[in-house]
Amino acid sequence: MTATPDTKTPARKKLYVKTYGCQMNVYDSERMTETLAARGYDAVDTPETADLVLLNTCHIREKAAEKVYSDLGRLRKLEAERGTPMQVGVAGCVAQAEGEEIVRRMPQVDLVVGPQAYHRLPAMLDALDSGAGAQVVTDFPVNDKFADLPKTRKASAPTAFLSVQEGCDKFCAFCVVPYTRGAEYSRPAADLLAEAHRLVDSGAREITLLGQNVNAYHGEGPQDVWSLARLVREMAEIDGLARIRYTTSHPNDMSDDLIAAHGEIDALMPFLHLPVQSGSDRILKAMNRKHTADGYRRLIDRIRVARPDIAMSGDFIVGFPGETDSDFKDTLSLIRDIAYAQAFSFKYSPRPGTPAAGSEQIAEEVKAERLARVQAALAESQAAFQQGCVGETMPVLLDRPGKFDGQMMGRSPYLQNVHLTVDPARRGEIVPVTITEAHRNSLGGVLAGTHAP
Ligand code: SF4
């Protein structure tokens, strides 16, 4: 029998999403892909054959918008070379910050959608299809977004992200987040538990709870408002969910119950990213951080009492306007005191529209020299932590194939990459690994019990 072509089912289209920046953008890209799958798009890994390309952008780094414009220029060239039409959209924080300006500068762009509005992508595509011209949506209807996204999300790996909170009310003087992501919003606890169950049912063993200011989480619970600690406690009860993490936190939102949770909940991993930015009280005040360097030290002391093996991570900005040599030395001494397991450090660069952007800037060469010194201090501290792991046996979640045949990569409790030789069929298992080698950004190990003396 000859098969009759199905004339009713439209052909599936190809979607390429490029993700810039943080884990929240990784989460948002997954949700955009899921939303568009329901509208007939299958994800592909490169833009060459894509019908629709979405750039999910980040505004944190310097010249972020310029980088997006040059990527758009490359896409325009690619479309001309291949000779078939490509729809192009800009999502994320640059879309929020630039809005209509993107379409004005790059008329090839069909869609501009802010981080709180991407649930409207299908409707925006419908409008495009009906000939309505470029669509720009940058409102902040954050609660609509989560309510309107499909409830079908599955884990694609043993580790998964889950956005629980968005936006920020802190207004640090250097940061664009309160302007690009809007006011703090916490998703209802029941929705998060349902999403976590779906992730675990589809293979996730570890979930990282995400928020721009995640420990400010205060979501509607069945009877009362839940804190992040309460949410973590409830998630820890999910059968099959072995590990929970959360990021990024503000020191002022490390409540007593969250600190206690670190000591009481085995599934809450002993690794905490807690940015401080500077070790100088004068600069912390100018940054509008609303805490002192010693307040941060005391806070970490309390966290370490609750969970003695906790590994700390942080963020540092050097060369903030007004930073003197003495302020900078205070930052170096804080780094020595805390003994970070890892940390990120950046030169200050002004973000248009933020309070510090108009202040007198420190000379570039001074910033560069300070950054080199901070990075050397952090590298020393990280190397000591990595080296201290050699000889230890720790549970490692096997989450992805390694570079070589028969090799797997896994995650230690302290968020280190660990490579070892093990059957790839064991992906998703948590296995005891004896660490035999320490490198700058990874560890090497062997399955416990197989270590040659
Ligand atoms: S707390 Fe974090 S997200 Fe909020 S303004 Fe400060 S740096 Fe930005």
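Note that the structure is predicted; figures quoted are calculated from it, not measured.
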Any residue meeting side-chain contact (heavy atoms from CB on, under 4.5 Å) with Ser227, in chain and number order, not counting sequence neighbours: Ala229, Arg230, Asp257

Test: Lys154 and Asp201 ion pair at under 4.0 Å: no

Close side-chain approach of Leu209 and Leu228, heavy atoms under 4.5 Å: yes

Shortest non-hydrogen separation from Ala343 to Ser313 and the atoms involved: CA-OG, 4.4 Å

Whether Glu100 side chain and Glu98 backbone form a donor-acceptor pair below 3.5 Å: no

Residue pairs passing the ring-ring contact (aromatic ring centres under 6.0 Å, His included) test where at least one lies in residues 187-221, sequence neighbours excluded: none

Gap between atom OG1 of Thr248 and atom CG of Asn215 - 0.5 Å precision: 9.5 Å

Test item: Asn252 side-chain N/O and Lys290 main-chain N/O as donor-acceptor pair under 3.5 Å: yes

Test salt bridge (charged side-chain N to carboxylate O under 4.0 Å, His left out) applied to Glu369 and Arg373, step by step: CA-CA 6 Å; Glu369 192 259 341; Arg373 288 172 67 192; 3.6 Å; yes

Donor-acceptor side-chain pairing of Ser345 and Gln375 below 3.5 angstrom: yes

Donor-acceptor pair between Glu166 and Gln116 side chains, under 3.5 angstrom: yes

Non-neighbouring partners of Asp71 that pass side-chain contact (heavy atoms from CB on, under 4.5 Å), sequence neighbours left out: Lys18, Tyr20, Leu55, Arg74

Worked verdict on Leu162 versus Tyr27 for side chain to side chain contact (heavy atoms under 4.5 Å, CB included): CA-CA 7 Å; Leu162 175 49; Tyr27 176 87; 4.2 Å; yes

Between Ser280 and Glu323: side-chain donor-acceptor atoms closer than 3.5 Å: no

Sidechain-backbone polar pair: Arg181 side chain, Gln212 backbone, donor-acceptor under 3.5 Å: no

With Gln135 via side-chain contact (heavy atoms from CB on, under 4.5 Å) - residues at least two apart: Leu111, Met124, Ala127, Leu128, Ala132

Close side-chain approach of Val44 and Thr46, heavy atoms under 4.5 Å: no

Verdict with supporting geometry, Glu195 and Arg153, salt bridge (charged side-chain N to carboxylate O under 4.0 Å, His left out): CA-CA 7 Å; Glu195 193 169 330; Arg153 184 164 176 248; 2.9 Å; yes

Arg245/Glu206 ion pair, N-O < 4.0 Å: yes

Short N-O contact, Arg205 and Asp399, less than 4.0 angstrom: no

Distance under 6.0 Å and angle within 45° of ring axis: Arg105 vs Tyr69: yes

For Ala260, side-chain contact (heavy atoms from CB on, under 4.5 Å) partners two or more places apart: Arg233, Glu264

Thr292 side chain to Asp281 side chain, donor-acceptor N/O pair below 3.5 angstrom: no

Flag for Tyr118-Asp28: side-chain donor and acceptor within less than 3.5 Å: yes

Residue pair Ile207, Val200: steps toward the side chain to side chain contact (heavy atoms under 4.5 Å, CB included) verdict: CA-CA 9 Å; Ile207 292 182; Val200 172; 4.3 Å; yes

Between Glu184 and Gln165: side-chain donor-acceptor atoms closer than 3.5 Å: no

4.5 Å side-chain heavy-atom contact, Met287 and Cys172: no

Any donor-acceptor N/O pair, Asp110 side chain to Gly133 backbone, under 3.5 Å: no

Side-chain heavy-atom pair Pro321, Glu360 within 4.5 angstrom cut-off: no

Partners meeting ring-ring contact (aromatic ring centres under 6.0 Å, His included) with Tyr179 (sequence neighbours left out): Phe171

Steps toward salt bridge (charged side-chain N to carboxylate O under 4.0 Å, His left out) verdict (Asp325, Arg370): CA-CA 9 Å; Asp325 282 344; Arg370 288 181 185 167; 2.9 Å; yes

side-chain hydrogen bond (donor to acceptor under 3.5 Å, both in side chains) involving Arg282 - partner list, sequence neighbours excluded: Asp327

Residues which pass ring-ring contact (aromatic ring centres under 6.0 Å, His included) with Tyr41, listed by chain and number, not counting sequence neighbours: none

Salt-bridge criterion met for Asp294 and Arg297 (N-O under 4.0 Å): yes

Lys170 and Asp253 ion-paired at < 4.0 Å: yes

Pairwise side-chain contact, Pro85 with Glu79, heavy-atom cut-off 4.5 Å (strictly under): yes

Salt bridge flag under 4.0 Å for residues Lys13 and Asp42: no

Pair listing, ring-ring contact (aromatic ring centres under 6.0 Å, His included) test, anchored in residues 283-324, at least two apart: His250-His291, Phe316-Tyr340, Phe320-Tyr348

Under 3.5 Å donor-acceptor, Arg120 side chain and Lys145 backbone: no

Test: Lys14 and Asp51 ion pair at under 4.0 Å: no

Set of salt bridge (Lys or Arg N to Asp or Glu O under 4.0 Å) partners for Arg400, sequence neighbours left out: none

Arg304 bridged to Asp309 by N-O distance under 4.0 Å: no

Side-chain donor/acceptor of Gln382 to backbone N/O of Arg440, under 3.5 Å: yes

Heavy-atom donor-acceptor pair, Glu234 side chain to Ala189 backbone, under 3.5 Å: no

Working for ring-ring contact (aromatic ring centres under 6.0 Å, His included), residues His273 and Phe344: CA-CA 10 Å; His273 182 64; Phe344 302 96; 5.8 Å; yes

Under 3.5 Å: donor-acceptor pair, side chain of Ser202, backbone of Ala155: yes

Results of salt bridge (Lys or Arg N to Asp or Glu O under 4.0 Å) for Glu364 - residues two or more places apart only: Lys347, Lys367

No-hydrogen, no-angle side-chain donor-acceptor test under 3.5 Å, Arg31 and Thr33: no

Gln386 (side chain) donor-acceptor with Ser442 (main chain) under 3.5 angstrom: yes

Test side chain to side chain donor-acceptor pair (under 3.5 Å) applied to Asn56 and Thr19, step by step: CA-CA 5 Å; Asn56 190 15; Thr19 307; 5.0 Å; no

Residues which pass ring-ring contact (aromatic ring centres under 6.0 Å, His included) with Phe385, listed by chain and number, not counting sequence neighbours: Tyr414

Residue pair Leu78 / Met86, side-chain heavy-atom distance below 4.5 Å: yes

